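Right, one structure below, let's go through it.
The model shown is predicted, which means the values in this text are computed figures rather than measured ones.
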Amino acid sequence: MAAWLTPWALLAVPCAGALISAPAWAKLRALRTGLLLSTMAALLTALAAALVLDTLPSGLPFLCLLPLVAFASLLAQPLHRDNRGSWVLTVILLGVGQAAVTAPPPAQSFLVGLLFILILGALFRLRHPAAPVRWSLATFAFAVAAEAGAVLAPAPLDAVAGLAVCLVLVPLFPLHAAYVAALSRLPGSLPAFLIVALPAVGFSRLLTVLPALPDLAREALVWLALAGMVYGTMLALAQPRPLPLLAHAALALCSMFWWSVGITGTLASESAVFLAAVGLSLSGLYLGWYAVRARFGDLDLRALGGLVQPMPRFAMLFSLLALAALGFPPFGVFSGFMGMVLVPTSPLPVSFAVVAFAWLAVSWYVLELKRRLLFGRPRPDLRYEDLRDGELAAMTIVLVVVTALGIMPSRWFDAGAASAPSRASVETSAWNR
């Protein structure tokens, strides 16, 4: 009974908080405060669920990461009436995401479909009118149909349909358009939250799909992952603006997760650490860019620079988050990546050369983003203002959590370990212990 009620309690608490906060729609500070309290109530509910249940489908860390990231993304947003819709939708998506992480397969399919529908509606309602999102909308519609097929189709077609849903949630070429559009076109707090929430739900969904997946589909993941690394890297290099650049960087890094799944046939705890840390570090970079955009508008990177002197707090936090995304120790991206690569029973294949190339390319253009923003001469025609208290606290929370992922025991994610039936389970490595 507790296992059945937990997902619906996790869904109800944030949605009830959003409903209770709705009367304060005209009072921006009261509205945001109520929504922030809703995210904290969601975190306490997640901790209570961990005490009630012996095991969680994807482990406790994923369940707790979602309300923490939602809290940080709301806290970093300025008080402006145009942000109200994204605030409320962030809290609603938090409830749907937490419920999808913990729900059993039939209910999980419904919740994942609801998540897709809500993001589809947000792209229609909240996106910039001039932003073409035709391919992304088609991808989301395909994901909803695939989720229905995962429920109705016989085996092994249901596992293949479920895998297609996972490829949208944890982006992989060629089903990445919806993910990239959600991160680069949605306003306010939504992208900084969804960059963590979508992979978390995708990882939980993959737990039920991978054991029944045919061998041919798993082998195809390796080739698609290699294509996704190259494709995401090339497109990121061509982006003049930070939001699509970071979205395609996320595509390249998530492709490394799929490469590990295809090579080993397992969902090791290290891969979960890597996926969570990538989302968190890039979420922190999103929050940093929103702080810049709130001051100077949506400018091209070539029009900015020299922020290190007039904005020292921003420069310090943005630099550390960029190092976390690059995979420097002691951050979680380093621990997770090394754990995936150095799994004892998985020898390094020739395809690792492509992985190394993509890793170096991601490192180069994230460093280039940092260089363009922080260094150079400040422009005399711009009025500089360092991070405010809310922005500073939000970026600090993300940095602390991504650091904790690098030093915490990876076995905390072991509740979500899964493997394909035709392959031996991969033991966790000595990294991140």
message = To the closest 0.5 Å, what do you measure between CG (Leu210) and CG (Leu206)?
response = 5.0 Å

key: Which residues share a ring pair (Phe, Tyr, Trp, His ring centres under 6.0 Å) with Phe116, sequence neighbours left out   = Phe140

message = Within the structure provided, determine whether Leu224 and Pro174 are in side-chain contact (heavy-atom separation under 4.5 Å).
response = yes

request  = Please step through side chain to side chain contact (heavy atoms under 4.5 Å, CB included) for the pair Leu167 and Trp258, ending with a clear verdict.
outcome  = CA-CA 9 Å; Leu167 297 183; Trp258 285 114; 3.6 Å; yes

Nearest atoms (heavy-atom pairs only) where Ala247 meets Tyr179 = O-CE2, 4.4 Å

request  = Test side chain to side chain contact (heavy atoms under 4.5 Å, CB included) on Leu326 and Phe334 and set out the steps.
outcome  = CA-CA 8 Å; Leu326 294 179; Phe334 171 81; over 6 Å; no

ask   = Under 3.5 Å, side chain of Ser73 to main-chain N/O of Ala70, donor-acceptor pair present?
value = yes

task = Taking Ser204 for its side chain and Ala200 for its backbone only, find out whether a donor-acceptor pair lies under 3.5 Å.
result = yes

query = Considering only heavy atoms from C-beta outward, does the side chain of Val354 approach that of Trp259 to under 4.5 Å?
reply = no

ask   = Any idea which heavy atoms bring Met229 and Ala252 closest together, and the distance?
value = CG-O, 3.8 Å

key: Inter-residue atom distance Phe71.CZ - Leu66.CG, 0.5 Å rounding   = 15.5 Å

task = Starting at CG of Leu194, measure out to CD1 of Ile119 and round the result to the nearest 0.5 Å.
result = 5.0 Å

task = Could I get the full list of side chain to side chain contact (heavy atoms under 4.5 Å, CB included) partners for Leu235, not counting sequence neighbours?
result = Tyr231, Gln239, His248

request  = Answer yes or no: is there a side-chain heavy-atom contact under 4.5 Å between Leu221 and Leu163?
outcome  = yes

key: More than 12 heavy atoms from other groups under 6.0 Å of CH2 on Trp223   = no

query = At their closest point, which heavy atom of Ile195 faces which heavy atom of Ala250, and how far apart are they?
reply = CD1-CB, 4.4 Å

query = Is there a donor-acceptor pair under 3.5 Å between the side chain of Ser86 and the backbone N or O of Asn83?
reply = yes

ask   = Between the main-chain N or O of Met256 and the side-chain N or O of Ser260, is there a donor-acceptor pair closer than 3.5 Å?
value = no

query = Can you tell me how far OG1 of Thr208 sits from CD of Gln108, rounded to the nearest 0.5 angstrom?
reply = 5.0 Å

Closest approach of Gly232 to Leu251 (non-hydrogen atoms, all atoms of both residues) = CA-CD2, 3.9 Å

task = Given side chain to side chain contact (heavy atoms under 4.5 Å, CB included), test Thr90 with Leu94 step by step and report yes or no.
result = CA-CA 6 Å; Thr90 297; Leu94 167 62; 5.7 Å; no

inquiry  = Measuring only between side-chain heavy atoms, which start at C-beta, is Leu11 closer than 4.5 Å to Leu111?
reply    = yes

key: Contacts of Phe337 that satisfy ring pair (Phe, Tyr, Trp, His ring centres under 6.0 Å) - sequence neighbours left out   = Trp359

Close side-chain approach of Pro199 to Leu169, heavy-atom, < 4.5 Å = no

key: Spacing of CZ belonging to Arg185 relative to CG belonging to Leu190, to within rounding of 0.5 Å   = 15.0 Å

key: salt bridge (Lys or Arg N to Asp or Glu O under 4.0 Å) pairs, two or more places apart, involving residues 146-160   = Glu147-Arg205

request  = For Leu186 and Phe193, run side chain to side chain contact (heavy atoms under 4.5 Å, CB included): C-alpha distance rounded to whole Å, both residues' side-chain angles, the deciding distance at 0.1 Å, then the answer.
outcome  = CA-CA 11 Å; Leu186 288 177; Phe193 172 69; over 6 Å; no

key: Side-chain touch Leu369/Leu246, heavy atoms, less than 4.5 angstrom   = yes

key: Closest non-hydrogen atom pair, Cys254 against Leu275   = SG-CD1, 4.0 Å

key: Contact check, side chains of Leu74 and Val91, non-hydrogen atoms, under 4.5 Å   = yes

key: Taking every non-hydrogen atom, the tightest pair across Leu63 and Gln98   = O-NE2, 3.2 Å

task = Side-chain contact test, heavy atoms from C-beta onward, threshold under 4.5 Å: evaluate it for Val180 versus Pro244 and give yes or no.
result = no

inquiry  = Donor-acceptor pair, distance only, cut-off 3.5 Å: does the side chain of Arg84 make one with the backbone of Arg81?
reply    = yes

For residues 393-407, which side-chain N or O atoms pair as donor and acceptor with protein atoms under 3.5 Å away, sequence neighbours left out?
| residue | atom | partner | partner atom | Å |
| --- | --- | --- | --- | --- |
| Thr396 | OG1 | Leu392 | O | 2.7 |
| Thr403 | OG1 | Leu399 | O | 2.7 |

message = Quick check against the 3.5 Å criterion: does Glu270 have a side-chain atom that pairs as donor or acceptor with the backbone of Gly336?
response = no

Hey, can you pull the donor-acceptor pairs under 3.5 Å for the side chains in residues 276-286, sequence neighbours left out?
| residue | atom | partner | partner atom | Å |
| --- | --- | --- | --- | --- |
| Ser281 | OG | Ala277 | O | 3.0 |
| Ser281 | OG | Val278 | O | 3.1 |
| Ser283 | OG | Ala192 | O | 2.7 |
| Tyr286 | OH | Leu183 | O | 3.4 |
| Tyr286 | OH | Leu243 | O | 3.2 |

key: Interatomic spacing from CD1 in Ile20 to SG in Cys15 - rounded to 0.5 Å   = 11.5 Å

